[in-house]
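One is the number of the first residue; the rest follow in order along the sequence.
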Amino acid sequence: MGRKASKATENIYYIARMRAAEKDGAFSSREKAALQLGIERSRLARIELNKIEPYAEEVRIMAREYRAPYLCEDYCNNVCPIGMERILGSARKKVTPDSLERLSLQFLSSAQSIDGISKMLVNISKDGRVTEDEYEGLHSILRAMDEISGNIRSIKAYIDANPELRSRFHSDLRP
């Protein structure tokens with residue numbers, strides 16, 4: 001098995017490759033993974049070291065080969081300008097000029113679940129694997145996290161849609 005890349009340990013693509021390597025030795029090193037994926041080794045290294053963003057097709061290949069479909073969703077939500085625009089656009093559609101109070105209450109309501117989902121997540125992940133009886137719990141955790149994320153995006157969209165607020169918080173609105 002290849003050695004651990006300490007500079008890449010928080011990179012989503014590196015983590016997905018390491019998880020795939022636990023089941024398939026073809027992903028145990030960048031060299032082996034690059035051959036399997038059809039991506040140049042140095043390019044894969046730059047992706048895993050956060051020096052460059054992967055192309056959408058590279059993400060699709062990694063998601064398929066690593067059996068990590070969440071890579072596509074993460075890419076669409078955080079890298080792809082079309083996906084980010086779609087998310088921001090859908091958040092803007094829900095916003096009315098006088099709805100900051102409503103958005104705040106929605107966020108606070110969804111945020112109240114953080115303590116409970118944190119405990120569930122610790123219980124599920126403490127042994128390092130997700131068992132069959134834990135899938136439903138993990139699914140409900142993801143739904144709760146999506147709700148919280150959506151409420152955060154809605155508040156950011158409200159601020160972005162308000163010219164006075166946008167000018168004061170422009171740098172804070174980046175994804």
Side-chain angles (χ1 to χ4, degrees), residues 7-20 46-64 66-126 129-131 133-175:
K7 291 181 182 177
T9 55
E10 293 186 16
N11 177 280
I12 191 169
Y13 306 106
Y14 174 78
I15 293 167
R17 180 170 63 82
M18 290 294 97
R19 287 185 181 149
R46 291 192 315 268
I47 290 168
E48 289 184 356
L49 294 170
N50 292 319
K51 297 193 185 268
I52 61 170
E53 294 291 350
Y55 296 123
E57 190 57 35
E58 292 169 326
V59 174
R60 289 179 61 192
I61 291 168
M62 286 187 276
R64 183 185 65 237
Y66 297 161
R67 289 178 173 56
Y70 60 87
L71 292 176
C72 291
E73 183 177 350
D74 180 79
Y75 180 84
C76 289
N77 291 342
N78 299 303
V79 178
C80 173
I82 295 169
M84 290 169 43
E85 184 179 300
R86 180 186 51 81
I87 289 169
L88 189 58
S90 67
R92 275 193 182 123
K93 289 176 191 169
K94 297 177 188 173
V95 175
T96 58
D98 60 348
S99 65
L100 183 58
E101 295 83 4
R102 184 178 56 83
L103 294 172
S104 299
L105 290 172
Q106 287 175 339
F107 168 74
L108 291 172
S109 173
S110 65
Q112 287 178 344
S113 66
I114 289 176
D115 190 41
I117 63 174
S118 297
K119 288 177 184 173
M120 283 177 62
L121 190 55
V122 166
N123 286 332
I124 290 171
S125 62
K126 66 184 172 191
R129 58 190 151 93
V130 180
T131 60
D133 62 318
E134 295 171 326
Y135 283 117
E136 186 56 39
L138 186 56
H139 188 67
S140 67
I141 289 169
L142 293 175
R143 283 193 311 263
M145 292 167 77
D146 283 342
E147 183 180 345
I148 293 167
S149 297
N151 288 328
I152 291 169
R153 284 192 302 269
S154 293
I155 291 171
K156 284 185 170 187
Y158 175 88
I159 292 168
D160 190 44
N162 183 314
E164 183 181 327
L165 294 173
R166 182 178 53 238
S167 67
R168 292 180 176 259
F169 297 100
H170 178 70
S171 63
D172 297 323
L173 296 175
R174 290 189 206 131

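Not a single donor-acceptor pair under 3.5 Å links the side chain of S109 to the backbone N or O of L105.
Counting all heavy atoms, side chain and backbone alike, S113 lies closest to I148 at OG-CD1, 4.1 Å. Annotation for M62 and Y13: closest pair CE-CD2, 3.8 Å, computed over non-hydrogen atoms. The heavy-atom pair separating G137 from M120 by the smallest distance is O-CE, 3.5 Å. Nearest heavy atom pair, residue E134 against residue N123, reads OE2-O, 3.9 Å. Heavy-atom minimum distance, I47 versus P54: CD1-CB, 3.7 Å. Across V130 and I124, no two heavy atoms sit closer than the pair CG2-CG2, 4.1 Å.
Put simply, the side chain of V59 does not reach to within 4.5 Å of the side chain of V79, judged on heavy atoms. Using a 4.5 Å heavy-atom cutoff, the side chains of R153 and K156 are not in contact. Contact annotation: the side chain of I61 approaches that of R64 to within less than 4.5 Å [non-hydrogen atoms, C-beta and beyond]. Between I12 and Y75 the shortest side-chain heavy-atom distance does not fall below 4.5 Å. The shortest distance between side-chain heavy atoms of S154 and Q106 does not fall below 4.5 Å. Proximity of L49 to Y14: side-chain heavy atoms (C-beta onward) are nowhere separated by under 4.5 Å.
Remark: L108 CG to N151 CG distance equals 9.5 Å, nearest 0.5 Å. Going from atom CD1 of I117 over to atom OG of S110 covers 9.0 Å, rounded to the nearest 0.5 Å. Note that the CG atom of N11 and the NZ atom of K51 stand 12.0 Å from one another [nearest 0.5 Å]. Taken from OH in Y55 to SG in C80, the straight-line distance is 14.5 Å, to the nearest 0.5 Å. Here CZ of R19 is found 13.0 Å from OH of Y66. Values are rounded to the nearest 0.5 Å.
More than 12 non-hydrogen atoms from other residues, nucleotides or ligands lie less than 6.0 angstrom from CZ of R143. M145 CE: 12 or fewer foreign heavy atoms inside a 6.0 Å radius.
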